[in-house]
Amino acid sequence: MKCLITGGAGFIGGYVTEYLLNEGHEVTILDNLSTGRASNLDHLKDHPKLTIRVGSITDPVLLSEVMAGQDEVYHLAAAVGVKLVAEDPVRTIETNIYPTELLLRLAVQGGQKFFLASTSEAYGKNEKDRWVEDDDLHFGPTSKPRWAYGCSKAIDEFLALAYHQKFGLPVVIGRFFNVVGPRQVGNYGMVIPRFVEAALQGTAPTVYDDGEQVRCFAHVSEVVKCVVGLMRQDNLEHRLFNIGSDAPISIRELAERVIALVDPSLKIQYVPYKDYYGHDFEDVRRRVPDTTRLYETLGFKPEMTLDEILKDTIESKKKELGR
Ligand code: UDP
């Protein structure tokens with residue numbers, strides 16, 4: 001098969017690329033190397049079945065060119081990272097909405113199967129303990145730029161579902177929940193690489209607010225197996241899936257685990273949200289997926305424990321830092 005991956009040089013994209021190449025497919029990547037890094041593909045760049053196109057998904061001519069002849073599209077390119085996104089909502093909307101619609105249209109014409117990467121941010125700040133795919137989306141006001149990201153991806157989901165209904169386009173939408181693992185960088189928020197990098201450099205992890213906010217962390221390799229697994233199912237009953245771990249942990253406990261594994265002499269630093277994100281920031285206090293639909297469809301779901309994930313991340317960060 002021939003597969004196109006937009007955002008293929010991103011953290012998750014690099015793993016999707018590797019997975020599809022290992023399955024023997026021809027892979028084309030489109031990436032503008034903004035938040036994606038060429039180094040995510042260093043170990044693959046000479047692969048005979050890989051083509052890397054550096055360019056923007058906002059370029060319509062380039063999009064039709066790279067879509068030609070493909071069998072599957074994995075649309076992962078997006079403006080990502082809560083901080084970056086909150087700082088530039090215009091760029092977020094332009095990058096996350098218009099190109100998705102264009103790609104969907106091209107996929108209807110070209111007959112490609114379509115994976116849309118979406119996000120748990122689409123649930124907003126829904127206060128339920130566990131989020132099921134059909135739950136309501138609870139965004140904050142438009143005066144708080146944070147919600148621009150979740151809203152932009154929710155529009156993408158509406159578009160993808162509409163293209164499925166109207167034109168029969170085979171789409172799969174994955175809502176990712178805090179995906180982590182080797183090669184992820186801390187520049188754009190991303191708590192685990194930030195905590196691990198800090199601890200390895202002898203600095204205390206910085207926990208925002210009281211640290212009682214809750215997340216679930218899934219290893220990228222397991223997430224990618226779910227993504228490709230869903231794309232290979234022929235008669236899907238549903239089109240939208242939570243993809244992630246369903247084992248919750250508070251950010252304070254996460255910091256304690258990192259400290260215990262790297263340097264028990266460190267003490268957590270607590271700082272108010274406004275010192276990092278600015279005044280009009282609003283966090284999501286609890287984010288836990290219900291993964292029943294994913295498990296019932298695939299027969300598997302992300303299961304790696306947080307300690308296994310942290311050990312893997314710590315080992316690879318040590319190598320990056322030359323230890
Ligand atoms: N966080 C933190 N310290 C950091 C980075 C993040 O306390 O150095 C918190 C952040 O406020 C959020 C959680 O950790 O509550 C997860 O943040 P991340 O940016 O990784 O992902 P999010 O779940 O917010 O998309």
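We count ligands from 1, going down the list as the structure has it; atoms in each ligand are counted the same way. For reference, positions follow the sequence shown, starting with 1.
At least one heavy atom of R287 lies less than 4.0 angstrom from ligand 1.
Under 4.0 angstrom from ligand 1, there are no non-hydrogen atoms of I192.
Looking only at heavy atoms of the protein, atom 17 (O) of ligand 1 is closest to V191 CB, 4.0 Å. Summary of contacts: the protein heavy atom closest to atom 13 (C) of ligand 1 is I251 CD1, 3.6 Å. Among all protein heavy atoms, the one lying closest to atom 21 (O) of ligand 1 is N178 ND2, 3.4 Å. What sits closest to atom 10 (C) of ligand 1 on the protein, heavy atoms only, is Y277 OH, 3.7 Å. Of all protein heavy atoms, the one lying nearest to atom 8 (O) of ligand 1 is R194 NE, 2.9 Å.
A salt bridge is absent between R252 and D210: the closest approach of a Lys/Arg side-chain nitrogen to an acidic carboxylate oxygen does not fall below 4.0 angstrom.
Between the side chain of Q112 and the backbone N or O of M67, at least one donor-acceptor pair lies under 3.5 Å.
Results of the salt bridge (charged side-chain N to carboxylate O under 4.0 Å, His left out) test with E23 over K225, K49, R232 single out R232 as the only residue that passes.
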**Request:** Start with the C-alpha gap between E308 and D312, add the side-chain angles, then the distance that decides, and say whether side-chain contact (heavy atoms from CB on, under 4.5 Å) holds.
**Result:** CA-CA 6 Å; E308 288 169 326; D312 192 26; over 6 Å; no

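Using cut-offs of 30° and 60° for the angle between ring planes, the Y163 and F167 rings count as tilted.
Among the atoms of V207, none of the N or O lies under 3.5 angstrom from an N or O of ligand 1.
No more than 12 heavy atoms of other residues, nucleotides or ligands sit less than 6.0 Å from atom OH of Y295. Crowding of K2 atom NZ: a count of heavy atoms from other residues, nucleotides or ligands under 6.0 Å not exceeding 12.
No hydrogens or angles considered: a donor-acceptor pair under 3.5 Å links the side chains of D283 and Y273. A side-chain N or O of N242 and one of Y123 form a donor-acceptor pair less than 3.5 Å apart.
Closest heavy-atom approach to atom 3 (N) of ligand 1 among the candidates T206, V284, D283: T206. The nearest non-hydrogen atom to atom 6 (C) of ligand 1, considering only Y270, Y208, Y273, comes from Y208. Across Q184, R215, E197, R286, heavy-atom proximity to atom 24 (O) of ligand 1 is greatest for R215. With E121, E212, M190 as candidates, the residue nearest to atom 19 (O) of ligand 1 on a non-hydrogen basis is M190.
Within the listing of ligand 1, atoms 3 (N), 4 (C), 8 (O) sit less than 4.0 angstrom from a heavy atom of F195.
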